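As the structure is a prediction and not an experimental result, all values here were calculated from the model. Order of the sequence lines fixes the chain letters, A, B, ..., with proteins taken first and strands second; residue numbering starts at 1 for each chain.
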Number of protein chains: 2
Amino acid sequence: MNPTIKDVAKHANVSIATVSRIVNGLPGYSEETKKKVQQSIEALGYQPNAIARGLINKRTQTIGVLFPDVSGMLSSEVLEGVENAAHDGGFSVIVCNTTSSGKRTVKYLRLLQEKRVDGIIFASEDVKEEYYKIFQEMKVPVVLVSTASSKYDLPFVRVNDFDGAFQATEYLIQKGHKVIGMIGGSDEDPIAGVPRMQGFQKALENNGLSFTNSHIKKNEGYRFQNGKESLPLLLKKLPDMTALFAASDEMAIGAMSAAHELGIRVPEELSIIGYDNLKIAEMCYPALTTVSQPLKDMGQTSGEMLVSLIIGEQQEAKSRYMPFTIVERQSVSNFRDK
Amino acid sequence: MNPTIKDVAKHANVSIATVSRIVNGLPGYSEETKKKVQQSIEALGYQPNAIARGLINKRTQTIGVLFPDVSGMLSSEVLEGVENAAHDGGFSVIVCNTTSSGKRTVKYLRLLQEKRVDGIIFASEDVKEEYYKIFQEMKVPVVLVSTASSKYDLPFVRVNDFDGAFQATEYLIQKGHKVIGMIGGSDEDPIAGVPRMQGFQKALENNGLSFTNSHIKKNEGYRFQNGKESLPLLLKKLPDMTALFAASDEMAIGAMSAAHELGIRVPEELSIIGYDNLKIAEMCYPALTTVSQPLKDMGQTSGEMLVSLIIGEQQEAKSRYMPFTIVERQSVSNFRDK
DNA sequence: GCGTTTTACGTAAACGTTTACGTAATTCCC
DNA sequence: GGGAATTACGTAAACGTTTACGTAAAACGC
């Protein structure tokens with residue numbers, strides 16, 4: 001259907017080897033034949049077949065990216081970075097939406113294996129043994145983004161969640177707050193759950209502030225609804241709370257929404273700091289002060305890391321902790337005794 | 001490296017043809033050899049090579065999706081739907097972030113052509129002649145989502161923007177509003193720009209309300225900042241405006257933010273209706289009343305349409321207008337004379 | 001001007017499948 | 001029980017490339 005290298009060769013009266021060499025910029029032909037062949041390519045509209053290339057080169061110039069939730073705002077930004085880096089490195093990216101399901105994840109990994117992708121980016125989830133085994137079978141580089149693995153030695157790109165939570169809490173303390181609550185994740189979540197709660201606790205303790213179980217409302221998810229439902233519950237246990245650290249922006253905004261409904265003014269009566277710095281953080285009112293994860297950058301960096309592992313620039317990738325910053329907007333105020 | 005069909009054949013003492021038949025569920029072997037071969041497959045951990053398959057079948061089981069902005073909230077939701085449909089149909093999806101650049105778009109199309117994708121989904125942008133030529137060269141089905149083309153005959157999946165805008169405006173009118181402004185897109189945008197402004201105008205005229213150029217503030221983009229900057233300008237020209245239709249949720253929320261800063265209460269003093277029903281629409285405060293586009297559904301539908309075109313279930317796809325609804329939240333109130 | 005190196009190609013194998021075709025053995029029909 | 005139809009395979013070509021190897025001609029060195 002499409003013209004092949006053979007058609008070009010015939011049209012230009014040379015061998016397919018010569019055409020191949022010219023197409024790939026290898027040496028071994030005169031300037032004259034090069035022109036002739038290029039004209040034939042132009043005339044026939046020849047496009048090399050990446051499939052055939054892949055078969056012989058054992059390189060598909062394609063990577064796979066697995067997200068628990070492609071349409072999540074966190075994933076989308078990371079994806080943009082990954083795609084950008086991949087494209088710059090000459091790779092295409094296949095997206096996989098695992099919906100946090102182990103079965104689906106395995107199915108996708110098998111698919112990526114059959115498709116012979118050259119590498120994998122695994123985002124925002126814990127690496128189960130099952131997954132790791134497939135990684136090993138596949139013998140392609142893998143880099144984790146926005147997650148890490150304690151059990152397995154896989155390079156990651158992420159921010160230090162403990163530090164982020166610690167700093168966020170310190171920030172509230174510096175603003176004069178004494179009674180600070182947290183809307184957190186789950187004890188079962190080693191990525192965004194535990195470390196953020198530990199960072200929070202540590203900051204309180206370091207500053208001689210009280211910390212009890214009542215200071216944290218845990219949640220299974222990190223969504224708007226989780227935050228919205230958590231605020232009233234947290235306020236019940238911690239009525240004189242003046243500041244709140246939420247383990248995600250969505251939860252922070254959910255809490256903000258609940259506060260509005262309860263007639264609690266933000267930040268005058270309740271200061272709120274989030275975590276992530278999603279696009280919505282600057283769109284809500286009051287604009288959300290939050291711990292900024294450089295999501296697009298993280299995607300970009302993990303993408304670059306992966307391609308450099310694939311093309312063999314480096315043998316072992318060095319994991320990277322990305323810098324976070326606290327971006328100050330309007331949801332946190334100084335605490336003043338009334 | 002990985003075991004091939006040959007290894008399996010040798011291990012099971014049969015020919016590669018037999019292995020192939022068994023793997024693909026074709027007839028032509030005894031129950032006995034089937035078991036034997038399956039054991040060999042298991043023992044060696046054989047995975048068929050999709051690249052080699054693609055070469056001979058001329059099918060890669062892969063589609064390409066082009067977005068102007070992958071990380072946009074609109075794109076992400078559409079992408080989720082597309083990915084879901086594709087996966088159900090046995091296809092993988094390669095994402096491409098065109099950043100609305102013609103050059104990049106062409107580069108991506110060429111890449112998808114070389115990679116021999118089986119079909120293309122083209123989202124949210126106008127189809128330029130250049131693109132259409134490549135579509136034709138590629139000889140693969142294309143479906144448009146969240147866009148359409150007047151010049152070229154390509155199947156699309158979208159909502160009727162004129163109607164959506166018309167209904168949104170009617171809704172405000174039913175609420176008793178007489179002076180209604182709009183924050184719109186650009187006259188150069190035939191997709192989301194012109195029809196939404198026309199729908200707005202038509203609704204006003206149908207109801208005997210005044211419409212002038214001052215009723216619409218046009219914008220190059222549809223982002224938060226566009227909305228935020230537009231509100232003051234619009235208010236200057238239309239000081240007694242009591243309701244506002246924004247051509248996107250982001251702009252609506254931008255306007256809401258500006259209103260907060262100007263001390264204008266929403267919805268008591270200014271009602272706002274958006275367009276899209278992004279996830280943020282229910283997260284802002286007050287929650288945004290908006291025209292809901294079934295984004296995920298649109299993605300899903302376009303994905304299904306594309307696979308059915310690829311596998312030849314249908315020859316010609318019928319374009320589909322998806323139903324929109326107005327989801328009522330808290331940003332619109334009844335107008336009461338003061 | 002003769003041997004040696006270099007240049008400019010062409011030939012053919014290889015990548016891992018699918019599948020048309022061939023063939024021997026089995027089953028079937030009467 | 002003998003010919004026809006069926007079953008259960010195997011052989012080899014094909015898909016569109018890349019690339020190792022071979023070779024004739026040209027260029028070079030002295």
Length of the line joining [X]:[atom1] and [N]:[atom2], which is rounded to integer Å:
| X | N | atom1 | atom2 | result |
| --- | --- | --- | --- | --- |
| A:I51 | D:dT17 | CD1 | P | 11 Å |
| A:I22 | D:dT17 | CD1 | C1' | 15 Å |
| B:R53 | C:dT18 | CZ | P | 5 Å |
| A:K36 | C:dA8 | NZ | C1' | 11 Å |
| B:I56 | C:dT17 | CD1 | P | 11 Å |
| A:Y46 | D:dG16 | OH | P | 10 Å |
| A:I16 | D:dA14 | CD1 | P | 14 Å |
| B:I5 | D:dA12 | CD1 | C1' | 14 Å |

Handout entry: ring pair (Phe, Tyr, Trp, His ring centres under 6.0 Å) partner of B:F122, chosen from B:Y108, B:F67, B:Y131
Key =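 When ring pair (Phe, Tyr, Trp, His ring centres under 6.0 Å) is applied between B:F122 and each of B:Y108, B:F67, B:Y131, only B:Y131 qualifies.
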Practice task
Grab the two heavy atoms, one from B:M305 and one from B:P155, that are nearest each other, plus how far apart they are.
Solution key: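 Closest approach of B:M305 to B:P155: SD-CB, 4.3 Å.
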In terms of side-chain heavy atoms, does [X] have a donor or acceptor partner in [Y] at a distance below 3.5 Å?
| X | Y | answer |
| --- | --- | --- |
| A:E83 | B:N97 | no |
| B:K115 | A:S92 | yes |
| B:E125 | B:S100 | yes |

Remember a base hit wins even if backbone is also touched, and classify [X] as base, sugar-phosphate or nothing at under 4.0 Å, heavy atoms.
| X | value |
| --- | --- |
| A:S30 | sugar-phosphate |
| A:Q47 | sugar-phosphate |
| B:S20 | base |

Practice task
Hey, which sits more toward the 5' end of DNA chain D by its nearest nucleotide, B:A17 or B:K58?
Solution key: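 First, find each residue's nearest nucleotide; the 5'-ward one identifies B:A17.
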Problem - Nearest-nucleotide comparison on DNA chain D, the residue closer to the 5′ end among B:N13 and A:L26 - result: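 Counting from the 5' end, the first nearest nucleotide belongs to B:N13.
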Handout entry: Side chain B:R116 and base D:dG16 donor-acceptor under 3.5 Å
Key =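 Result: no qualifying N/O pair found.
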Exercise for the section: Assign each of B:P48 and B:R21 to its nearest nucleotide of DNA chain C by heavy atoms, then name whichever residue's nucleotide is nearer the 5' end. Expected result: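 On the 5' side of the pair lies B:P48.
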Exercise for the section: Let me see the working for A:F135 and A:Y152 under ring-ring contact (aromatic ring centres under 6.0 Å, His included), right down to the final yes or no. Expected result: CA-CA 11 Å; A:F135 291 160; A:Y152 310 110; 8.8 Å; no
Problem - Nucleotide nearest B:N57 when distance is taken to its side chain, options C:dT18, D:dG16, D:dG10 - result: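 Closest nucleotide to the B:N57 side chain: C:dT18.
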Check the phosphate of [N] against [X], side-chain N and O only, distance under 4.0 Å to OP1 or OP2. Yes or no?
| X | N | value |
| --- | --- | --- |
| A:T4 | D:dG16 | no |
| A:T33 | C:dC9 | yes |
| B:N24 | C:dT18 | yes |
| A:Y29 | C:dT6 | no |

Problem - Residues A:R320, A:E304: salt bridge by 4.0 Å N-O rule - result: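 Judged by the 4.0 Å cut-off on N to carboxylate O distance, A:R320 and A:E304 do not form a salt bridge.
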Handout entry: Residues A:R110, A:E137: salt bridge by 4.0 Å N-O rule
Key =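 Salt bridge flag = yes for A:E137 with A:R110.
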Exercise for the section: Could you tell me, to 10°, how much the axis swings from one end of the helix from C:dG1-D:dC30 to C:dC30-D:dG1 to the other, five pairs per end? Expected result: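 For the helix from C:dG1-D:dC30 to C:dC30-D:dG1, the axes at opposite ends meet at about 20°.
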